[in-house]
Visitor: 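Input: one structure, supplied below.
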Amino acid sequence: MKIEHIKLHHIKMPLVSPFTTSMGTDCDVEHIIVRIDAEGLTGWGECVSEGVPFYSGETVKSSWHILQDFLIPSIIGKKLATIDQALARYANVRGNRMAKAGLEAALWDVFAKAQNISLAKLLGGKKKEIAVGASIGMQSSVGKLIKQVEASLADGYQRVKIKIAPDNDIAPVEAIRKEFPDIPLQVDANSAYTLEHIEVFKRLDGYNLLLIEQPLGYDDFYDHSRLQRELKTPIALDESICSLNDNRTALALQSCRAINIKPGRVGGFTEAKRIHNFCASRNIPVWHGGMLETGIGRAGNIALASLANFSLPADISANKCYYREDLIEPELTVTAYGMTAVPTGPGIGVDVNMNILKKTTMEKSSIHCK
Ligand code: OSB
Ligand code: MG
C-alpha cells in the first residue's frame with residue numbers, strides 16, 4: 001500500500017465524570033487521532049499520550065513531535081507490503097511507544113480494510129465478544145463509591161476495579177467487601193506505594209482480591225518481586241511493562257502473576273501480541289487495559305482483546321461511561337452479561353463522525369507525500 005497522506009488531530013474531549021487516580025484527576029482527555037489515507041482507503045488510530053506526563057513520560061506534545069518529525073517522514077510516500085515493513089522503517093526511534101502505537105493502529109486499520117477483513121481477524125482474534133470490567137476512579141466518599149460499584153454491576157460488568165492510594169485503600173475495599181462479599185474485585189495503585197507500605201498490602205491480601213495492580217514504582221521489578229513473595233494475591237503489572245523484554249524480566253524475577261496489556265504503553269499491536277503470546281506460553285493471564293480512549297482507540301482494543309489469552313475482563317467500558325458524544329458510530333455497548341461484541345466490519349469496524357472530530361480537534365497537522 002502506498003502511504004499517501006497522514007493527518008494528526010490533537011483532540012480534547014470532556015469526560016462524563018471526572019476520573020481520579022493516585023496520579024490526579026482528569027476532567028477531559030487529550031489524545032492524538034491519526035488518520036492514514038492510502039489507495040482510496042482510510043485508516044484510523046489513537047495515540048494515548050496524555051496532556052500530562054504522569055502515567056507515562058510521553059505527552060501529546062512529545063508524541064506529536066515524534067510522529068511529525070520522525071515516524072511519519074519514515075513511511076510517507078512509501079509503498080509498504082506489510083505492517084512489519086513500516087515498523088522496520090522507524091525501528092531506530094527509541095522509546096516513544098505511545099506515538100508509535102498510534103501510528104501503528106492506523107496502519108493495522110488500513111491494512112485490514114485493504115483485505116476487507118476485520119482488525120480482529122487480521123490480529124488473529126477468534127472471540128466474537130469479549131468480557132469487560134469497570135474501572136472506577138477514587139470517589140469523595142465511601143457511599144459514592146458503593147453507588148458506583150452498584151451501578152457497574154447493574155450494567156453487567158463482570159468485575160470491578162477501583163483505584164487506591166495511601167490512606168484511601170483499606171477503607172474502600174472493606175466497605176465494598178461488606179456490601180458485595182463475592183464480586184470479582186481488583187485494585188489499582190498506579191505506583192503510589194513503596195515497600196514501606198507492606199502492611200497495607202498484607203491487609204489487602206485478606207480481602208480475596210482478584211489482583212493488585214501496579215502497587216510500586218513504575219520502573220520497578222525488584223521490589224515488586226519482594227512484595228509478591230509476601231502475598232497470596234497476584235500482583236499485576238501495568239506501568240512497568242513497556243515491552244516484551246520488560247515482560248520477560250518481570251516473569252523471570254516473579255514480580256507479578258498477571259499482566260495488563262495496553263498497546264499504547266508497549267508501542268503498538270505488534271508488541272502487544274508478542275506479550276500476549278509470551279504470557280500464554282507461561283500460563284500468565286492477561287487483560288486488556290484502557291487509557292480512557294475514544295471509540296477509535298477502544299474499537300481497536302476490542303479487536304486485540306479478542307485474542308485467546310485475554311482471559312481476564314478488559315478495562316473497556318461502554319461509550320456512555322466516558323463521553324456524551326464520542327467520535328464513532330455506532331456506539332460500543334455492553335450487554336447485561338458484561339460482554340462487548342467484537343466489531344465484524346472491515347478494519348476497526350466503526351465509522352468516524354467527522355463533525356464531532358472537527359468539534360473536538362484543537363490542532364491539526366497534515367503530511368502529504370511529495
Ligand atoms: O492504570 O489502568 C490504568 C486510565 C488512564 C490511565 C491509566 C489507567 C486508566 C484506567 C481506565 O484504569 C481504564 C479505562 O479506560 O476504562
Ligand atoms: Mg493500571
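Order of listing sets the numbers, starting from 1, for every ligand and every atom in it.
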Visitor: By atom name, which N, O or S atom belonging to Glu213 lies closest to the Mg ion (ligand 2)?
Guide: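 When I compare the N, O and S atoms of Glu213, OE2 is nearest to the Mg ion (ligand 2).
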
Visitor: How long is the span from the CG atom in Leu216 to the CZ atom in Phe221, to the nearest 0.5 Å?
Guide: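 Leu216 atom CG to Phe221 atom CZ measures 12.0 Å (nearest 0.5 Å).
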
Visitor: Under a 4.0 Å heavy-atom limit, does Asp188 contact ligand 1 with its side chain, its backbone, both, or neither?
Guide: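 For Asp188, the contact with ligand 1 is made by the side chain alone.
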
Visitor: Regarding Asp315, does it place an N, O or S atom less than 2.8 Å from the Mg ion (ligand 2)?
Guide: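 No.
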
Visitor: Testing the 3.5 Å rule here: is there a donor-acceptor pair between the side chains of His5 and Ser366?
Guide: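 On atom types as modelled, these side chains qualify, holding a pair under 3.5 Å.
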
Visitor: Pairs of nitrogen or oxygen atoms closer than 3.5 Å, one from Asn190 and one from ligand 1: do any exist?
Guide: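 Yes.
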
Visitor: Would Lys161 count as a contact of ligand 1 if the rule is a heavy atom under 4.0 Å away?
Guide: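 True for this residue.
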
Visitor: Is any side-chain N of the basic residue among Arg248 and Asp246 closer than 4.0 Å to the acidic one's carboxylate O?
Guide: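 Salt bridge between Arg248 and Asp246, a charged N being under 4.0 Å from a carboxylate O: no.
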
Visitor: Counting heavy atoms only, which of Glu50, Lys262, Arg265, Met291 is nearest atom 8 (C) of ligand 1?
Guide: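 Checking each option, the heavy atom nearest atom 8 (C) of ligand 1 is found in Lys262.
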
Visitor: Could you establish whether Gln214 and ligand 1 come within less than 4.0 Å of each other, counting only heavy atoms on the residue side?
Guide: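 Judged by the 4.0 Å heavy-atom criterion, Gln214 does not count as contacting ligand 1.
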
Visitor: Looking only at N, O or S atoms in Asp238, which is nearest to the Mg ion (ligand 2)?
Guide: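 Looking only at N, O and S atoms of Asp238, the one nearest the Mg ion (ligand 2) is named OD2.
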
Visitor: Is Lys147 salt-bridged to Glu150, going by a charged N under 4.0 Å from an acidic O?
Guide: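 No, no charged N to carboxylate O under 4.0 Å.
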
Visitor: Using 4.0 Å as the upper bound for N to carboxylate O, is an ion pair formed by Glu331 and Lys320?
Guide: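 Looking at Lys320 and Glu331, the cut-off is not met.
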
Visitor: Between His9 and Lys7, is a side chain to side chain contact (heavy atoms under 4.5 Å, CB included) present by the stated rule, with each step listed?
Guide: CA-CA 7 Å; His9 292 251; Lys7 247 188 190 165; 4.0 Å; yes

Visitor: The test is side chain to side chain contact (heavy atoms under 4.5 Å, CB included); show your working for Asn190 and Glu239 and say whether it passes.
Guide: CA-CA 7 Å; Asn190 289 110; Glu239 282 89 329; 2.7 Å; yes

Visitor: Examine the proximity of ligand 1 to Glu213 and report which part, side chain or backbone, both or neither, has a heavy atom under 4.0 Å away.
Guide: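 For Glu213, only side-chain atoms sit under 4.0 Å from ligand 1.
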
Visitor: Under 4.0 Å between a Lys/Arg side-chain N and an Asp/Glu carboxylate O for Arg159 and Asp315?
Guide: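 Yes.
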
Visitor: Which bit of Ile316 is near ligand 1, meaning a heavy atom under 4.0 Å away: side chain, backbone, both or neither?
Guide: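 No part of Ile316 is near ligand 1 at this cut-off.
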
Visitor: If I apply the N/O under 3.5 Å rule, does Phe19 come out as touching ligand 1?
Guide: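 Phe19 vs ligand 1: no N/O contact under 3.5 Å.
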
Visitor: Checking one value in my table: which N/O/S atom of Asp188 lies closest to the Mg ion (ligand 2)?
Guide: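 Nearest N/O/S atom of Asp188: OD2.
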
Visitor: Do NZ/NE/NH1/NH2 and the carboxylate oxygens of Asp326 and Arg298 come within less than 4.0 Å?
Guide: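 Yes, Asp326 and Arg298 are salt-bridged.
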
Visitor: Checking the N or O distance criterion of under 3.5 Å, is ligand 1 in contact with Tyr322?
Guide: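 Yes, there is a polar N/O contact under 3.5 Å.
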
